[in-house]
Amino acid sequence: MDHVGVVVDDLGAAIAFFAELGMELEGEAPAEGRWLDQVVGLDGVRVDIAMMRTPDGHGRIELTKFRTPTAISAAPENAPPHTLGIRRIMFAVDDIDDVLARLRAHGAELLGEVARYEESYRLCYVRGPEGIIVALAQQLA
């Protein structure tokens with residue numbers, strides 16, 4: 001897999017959110033042109049893209065802000081975790097409580113609660129900007 005694409009309305013907020021998860025901004029650039037229209041299957045596409053890289057360099061997320069055509073909202077807004085489609089991205093973290101506190105400063109909210117899976121993990125789901133759900137997993141020693 002090369003990367004996961006996420007369409008957002010507030011590119012700056014999404015960059016800040018994923019940076020709190022330890023991702024690094026690889027670069028930002030606008031994109032437009034016939035080639036992009038052909039790939040996306042829409043006419044007159046103009047976007048701003050930010051590529052975020054995981055600290056280990058093995059994963060990337062492409063954050064895309066559509067200038068034209070205007071992005072449309074999925075229904076229902078803030079879809080629950082059991083909605084069909086890609087629902088979440090999971091991140092391994094060293095300290096789930098610390099990460100939650102930092103993400104809350106960016107408006108993130110805990111969907112349920114932090115739960116313990118046997119003696120192996122502490123896990124939770126967090127909703128961030130644009131309704132994005134990320135799962136956090138802290139491996140226990």
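Below, all heavy atoms of this structure are taken into account, side chains as well, without hydrogens, waters or symmetry copies.
The side-chain heavy atoms of D9 and F66, taken from C-beta on, include no pair separated by under 4.5 Å. Side-chain atoms of V47 and P30, non-hydrogen and from C-beta on, never get closer than 4.5 Å to each other. Inter-residue side-chain proximity for L63 and I49 is flagged as unmet; no heavy-atom pair is nearer than 4.5 Å. At least one side-chain heavy atom of I133 sits less than 4.5 Å from a side-chain heavy atom of L111. Using a 4.5 Å cut-off on side-chain heavy atoms (C-beta onward), L140 and Y121 make no contact. Side chains of D2 and R60 form a contact here, defined as non-hydrogen atoms less than 4.5 Å apart. Side-chain contact between P129 and D10 is absent, with no heavy atoms from C-beta onward closer than 4.5 Å. For the pair R127/N78, a side-chain contact is recorded, criterion being any heavy-atom separation below 4.5 Å from C-beta on.
When all heavy atoms of F17 and A108 are compared, the closest pair comes out as CE1-CB, 3.8 Å. For E28 against L25, the heavy-atom pair with the smallest separation is OE2-CD2, 3.6 Å. Here the closest heavy-atom approach between residue P55 and residue G22 is recorded as CG-O, 3.0 Å.
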For residues 82-104, run the donor-acceptor check on the side chains, cut-off 3.5 Å, and write out each pair with its distance to 0.1 Å, sequence neighbours left out.
residue : atom : partner : partner atom : Å
T83     : OG1  : P80     : O            : 2.9
R87     : NE   : T83     : O            : 3.1
R87     : NH2  : L84     : O            : 3.3
R88     : NE   : Y125    : OH           : 2.9
D95     : OD1  : D97     : N            : 3.2
D95     : OD1  : D98     : N            : 3.1
D97     : OD1  : R122    : NH2          : 3.3
D97     : OD2  : R122    : NH1          : 3.0
D98     : OD2  : R102    : NE           : 3.0
D98     : OD2  : R102    : NH2          : 3.4
R102    : NH1  : E20     : O            : 2.7
R102    : NH1  : E20     : OE1          : 2.8

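Between E62 atom CD and E26 atom CD the span is 10.5 Å, to the nearest 0.5 Å. Here the CG atom belonging to L21 is positioned 6.5 Å from the CG atom belonging to L136, to the nearest 0.5 angstrom. Within the model, atoms OG of S120 and CD of Q138 stand 12.5 Å from one another, a figure rounded to the nearest 0.5 Å. Taken from CG in D37 to CG in L42, the straight-line distance is 7.5 Å, to the nearest 0.5 Å. Interatomic distance, M51 CE to M23 CE, rounded to the nearest 0.5 Å: 9.5 Å. Annotation: the span from I15 atom CD1 to K65 atom NZ amounts to 12.0 Å, rounded to 0.5 Å.
At distances below 3.5 Å, at least one donor-acceptor pair connects side-chain atoms of T68 with backbone N or O atoms of G44.
Every residue two or more places apart in sequence or in another chain that forms a salt bridge (charged side-chain N to carboxylate O under 4.0 Å, His left out) with D48 is listed here: R67. In this view, V39 and W35 satisfy the side-chain contact (heavy atoms from CB on, under 4.5 Å) rule, not counting sequence neighbours.
Hydrophobic clustering, with ILVMFWY side chains joined whenever heavy atoms are under 4.5 angstrom apart, groups V4 together with V126. Grouping the Ile, Leu, Val, Met, Phe, Trp and Tyr side chains by contacts below 4.5 angstrom, directly or via other members, places L110 apart from L123.
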Go through the steps to decide whether I132 and F18 satisfy the test side chain to side chain contact (heavy atoms under 4.5 Å, CB included), and finish with yes or no. CA-CA 11 Å; I132 297 165; F18 284 104; 4.1 Å; yes
Given side chain to side chain contact (heavy atoms under 4.5 Å, CB included), test E130 with V6 step by step and report yes or no. CA-CA 9 Å; E130 317 297 336; V6 179; 5.9 Å; no
